[in-house]
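Working notes, beginning with the structure itself.
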Protein chains: 2
Amino acid sequence: MANLINVAKLAGVSRATAARAFSSPESLRPETHRRVVEAARALGFRPNKVAQQLRAQATLMLGVMVPSLDNPVFAEQLQAMEEAARAAGYSLIVTTSSYEPSREEAIVEEMLRQRVDGLALTVADADHSAVLAKLRRENTPCLLVHNPPATSYFSSVGVDNHTAMADATRHLIALGHRRIGMIGGPLLQSDRARLRHEGYREAMVAAGLTSLPLIEMPRHTQVALSQLEPVLGGADGLTAVLCTNDLLAISLIGELRRSGRSVPGDLSVMGFDGIELGRHLYPSLSTVVQPRAEFGRVAVETLLALIRGEDPQPRPLPHVLREGESAGSPPAPYQAPEPSVS
Amino acid sequence: MANLINVAKLAGVSRATAARAFSSPESLRPETHRRVVEAARALGFRPNKVAQQLRAQATLMLGVMVPSLDNPVFAEQLQAMEEAARAAGYSLIVTTSSYEPSREEAIVEEMLRQRVDGLALTVADADHSAVLAKLRRENTPCLLVHNPPATSYFSSVGVDNHTAMADATRHLIALGHRRIGMIGGPLLQSDRARLRHEGYREAMVAAGLTSLPLIEMPRHTQVALSQLEPVLGGADGLTAVLCTNDLLAISLIGELRRSGRSVPGDLSVMGFDGIELGRHLYPSLSTVVQPRAEFGRVAVETLLALIRGEDPQPRPLPHVLREGESAGSPPAPYQAPEPSVS
DNA sequence: TTGTAGGCGTTATCAG
DNA sequence: CTGATAACGCCTACAA
């Protein structure tokens, strides 16, 4: 109904002239331009992006796939991406994968059919991802977010997970902790979990301490304290725990306090991600801050560079240790009462 | 390059036949079908949705606009919407408005140009929204999420904010509280804030108690304790506070504890939204649960019904009071020491 | 400054 | 069962 043809008719000009009234108004006689604009308004004309996209062979759309939006780290990053994309004239198609390969597959296929100009993906394990393997054969620009560079075929935006977790570990060691454990969500095989655990291990070893295997929690957002009891109790129980994300840390703190323990009195807890909320809790969360807003901006910028055909080499984003109230000195070891001097 | 024409050529058939191999394979001779499929695979053919959308005059896309993704209530709802939409064959274009009218305007215009099949919007105040006024003149189906029905021109999905907050208030009253206040984010004029405050007021009045004005915090996610001190201290200070969202409540609890007060010992705190995280905190959050996942499902279903030309009449979604550890009995009033009997 | 015309990739209609 | 053709709405050489 309200297309350029009708606008042209009503204005008494050709399709081309009507089109030019929008794409290059300065090339029109003012009077002509006015007539077209007038007609467009009268008809409630609104340019059809779908037709523009078909014609231009470009959609100005980016496809974004995150594992979930339940974790604020992804939601906050997505928010930043959306703002950056909008500022550059791009729209976002947003999907969640739950890390399920079949969904990842379907989502990416769908987005390719939609002819998105670029993809920003977060997958479980970039090294063993079927969907990434397939994407190598396509020529749609693709950027990994959070996933380490891996095969280095795809550009990637994220912090240095290895160093970041090593820093967190050293922080706890500096506070005096010696028996430090680490817990993670149900995806121990994820590339980030591996790197973070490796960072922890290295820092422990470098300090002459014993590193423990990553303890797997049944969910990404909730600890099962019962699974932790064995390593907590006793004289040689842990005095500090690193978590692979803030939600786990928050849940752990809650469970500990509910079980009558104090944080950090009985156990120090550190998170990872630096979600906003962590600042406001009591005890506030000690954590490794990933700059989520910068993530979003850099991700979009990098992806747009890829789309322009450039070869951006994004550097790892800087992480920051945010000291909160959830990590402190270890409890004083139990001392047998000594005879007093006096 | 890899379009139907080339596939047709390679398969030695016409465009139409090539197309049919995908849209109605059963209408082709098996051998023909095989040849087309073979050719498609050889060329890496992938149907072009943009062309399909242009041709079909429908995009199978929904436009979603939320105020922000920093608040898990929106992120969790969005996640549910995405899953429901995907299940129905729709994609989501996601945007954030920060409640800024100019962004709302630009976003909606953009989505209309993109010819989304429907819009799901959350605005600050549905009664005084310029963008909604404009949308009334368009014929793109539009659904409000969270906003109360307002003018009743647009369908709307959400809880009954009035009753929900009244329920929360009655809960505190039942616990023994008499001096109960309410705090909100910086958008006191939002339709939901109004309704919730009204619900609070009614419940207070019905119990013969004094309702107070909504106290405005500078941000949606963070309290300024200094602004609250006046109403907290003293013998007639508040014993309980209702918050318009969970993040405010969590922040309030953190600030209170950091200032040496206990929750709920000194002050009971209730949130609103029921974000997952609230369960895991210590003290766990007493709150009014909005069924976010159901929100998402119902929103998508309702919007799809609108798109089909039906006239769905979504009922308010049921809210649930979740009792947590952050609300309890009020502190015993200060008693002047009495002469002991003995 | 404005008009003409072809094509972006797909699908529905109508013949054959 | 298959082929030819027009149309979805827009843009942009190329002409005039």
Side-chain angles (χ1 to χ4, degrees), chain A residues 1-40 43-61 89 109-117 140, chain B residues 1-40 43-61 89 109-117 140:
Chain A
M1 302 293 117
N3 54 20
L4 271 182
I5 300 201
N6 290 325
V7 171
K9 267 188 203 147
L10 181 56
V13 298
S14 71
R15 285 183 295 167
T17 303
R20 278 190 276 260
F22 297 96
S23 60
S24 52
E26 69 286 359
S27 73
L28 257 57
R29 200 155 32 118
E31 164 62 11
T32 311
H33 179 255
R34 199 193 54 69
R35 285 223 314 281
V36 175
V37 169
E38 176 67 21
L43 293 177
F45 170 74
R46 175 172 288 127
N48 185 324
K49 284 201 134 203
V50 176
Q52 292 176 330
Q53 288 161 353
L54 180 60
R55 162 72 220 225
Q57 298 290 84
T59 52
L60 294 182
M61 291 185 139
E109 176 63 26
E110 161 95 3
M111 287 176 161
L112 291 177
R113 291 185 178 199
Q114 183 60 58
R115 300 297 194 268
V116 295
D117 290 341
T140 300
Chain B
M1 305 296 117
N3 54 22
L4 270 181
I5 299 203
N6 290 326
V7 170
K9 268 187 202 149
L10 181 55
V13 297
S14 70
R15 280 181 295 171
T17 302
R20 279 190 277 257
F22 297 96
S23 61
S24 52
E26 70 286 359
S27 73
L28 260 54
R29 201 158 28 119
E31 165 62 11
T32 311
H33 179 257
R34 200 194 53 70
R35 285 223 314 282
V36 175
V37 169
E38 176 68 22
L43 294 177
F45 171 75
R46 175 171 287 127
N48 185 324
K49 285 200 133 203
V50 176
Q52 292 176 330
Q53 288 161 352
L54 179 61
R55 165 69 218 221
Q57 297 291 84
T59 52
L60 295 182
M61 291 185 141
E109 177 63 26
E110 160 95 4
M111 287 176 161
L112 291 177
R113 292 185 178 199
Q114 184 59 59
R115 299 299 194 269
V116 294
D117 290 343
T140 300

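Throughout, protein chains are lettered first and strands after them, A, B, ... in sequence-line order, and every chain is numbered starting at 1. Basis for what follows: all heavy atoms, side chains included, without hydrogens, waters or symmetry-related copies. From a predicted model like this one, the values you see are computed outputs, not experimental measurements.
One can find a donor-acceptor pair under 3.5 Å joining the base of C:dG6 and the side-chain atoms of A:R15.
Picking from C:dT10, D:dC1, D:dC10 the nucleotide with the shortest atom distance to the side chain of A:N3 gives D:dC10. Distances from the side chain of B:Q52 to the nucleotides C:dT2, D:dT12, C:dT10 place C:dT10 closest. Of all nucleotides listed (C:dG3, D:dC8, C:dT11), C:dG3 comes nearest to the side chain of A:S14.
Taking atom CZ on B:R55 and atom P on C:dG7, their separation rounds to 19 Å, with Å as the unit. In this structure, B:L4 places its CG atom 18 Å from P of D:dT5, rounding to the nearest Å. Put simply, NZ on B:K49 is 18 Å from C1' on C:dC8, counting in whole angstrom units. For B:L28 and C:dT11, the CG to P distance is 13 Å, given to the nearest whole Å. Distance, A:L43 CG to D:dC10 P: 12 Å, rounded to whole Å. Atom-to-atom, CD of B:Q53 to C1' of C:dT11 comes out at 14 Å; the value is rounded to the nearest Å. In this structure, the CD1 atom of A:I5 is 7 Å from the P atom of D:dC8, given to the nearest Å. The distance between atom CD of B:E31 and atom C1' of D:dC1, rounded to the nearest whole Å, is 13 Å.
The shortest distance between the side-chain N/O atoms of A:S27 and the OP1/OP2 oxygens of C:dT1 is not below 4.0 Å. An OP1 or OP2 oxygen of C:dG9 is reached within less than 4.0 angstrom by no side-chain nitrogen or oxygen of B:N48. For A:R29, a side-chain nitrogen or oxygen approaches OP1 or OP2 of C:dT2 to under 4.0 Å. Taking 4.0 angstrom as the limit, B:T32 places a side-chain polar atom (N or O) nearer than this to OP1 or OP2 of D:dT2. Between B:Q57 and D:dG9, a side-chain N or O to OP1/OP2 separation shorter than 4.0 Å is present.
Counting any heavy atom pair closer than 4.0 Å across all strands shown, B:V50 reaches no nucleic acid atom. Residue A:F45 is in sugar-phosphate contact alone, with no base atom involved, counting any heavy-atom pair closer than 4.0 Å across all strands shown. Within the 4.0 angstrom heavy-atom criterion, base atoms lie near A:L54.
Inter-residue side-chain proximity for B:E110 and A:K49 is flagged as met; some heavy-atom pair is nearer than 4.5 Å. The shortest side-chain heavy-atom distance between A:N48 and B:R115 falls under the 4.5 Å cut-off. Side-chain contact between A:R20 and A:H33: absent, with no pair of heavy atoms (C-beta onward) separated by less than 4.5 Å. Using a 4.5 Å heavy-atom cutoff, the side chains of A:R15 and A:L4 are not in contact.
Comparing B:H33 and A:R20 along DNA chain D, the residue whose closest nucleotide (by nearest heavy atom) sits nearer the 5' end is B:H33. Looking at which nucleotide of DNA chain D each of B:A56 and B:E26 is closest to, the 5′-most match is held by B:E26.
Under 3.5 Å, the side chains of A:Q114 and B:Q53 contain a donor-acceptor pair of N or O atoms.
The pair A:R34-A:E31 meets the salt-bridge criterion, with a side-chain N (NZ, NE, NH1 or NH2) lying under 4.0 Å from an Asp/Glu carboxylate O.
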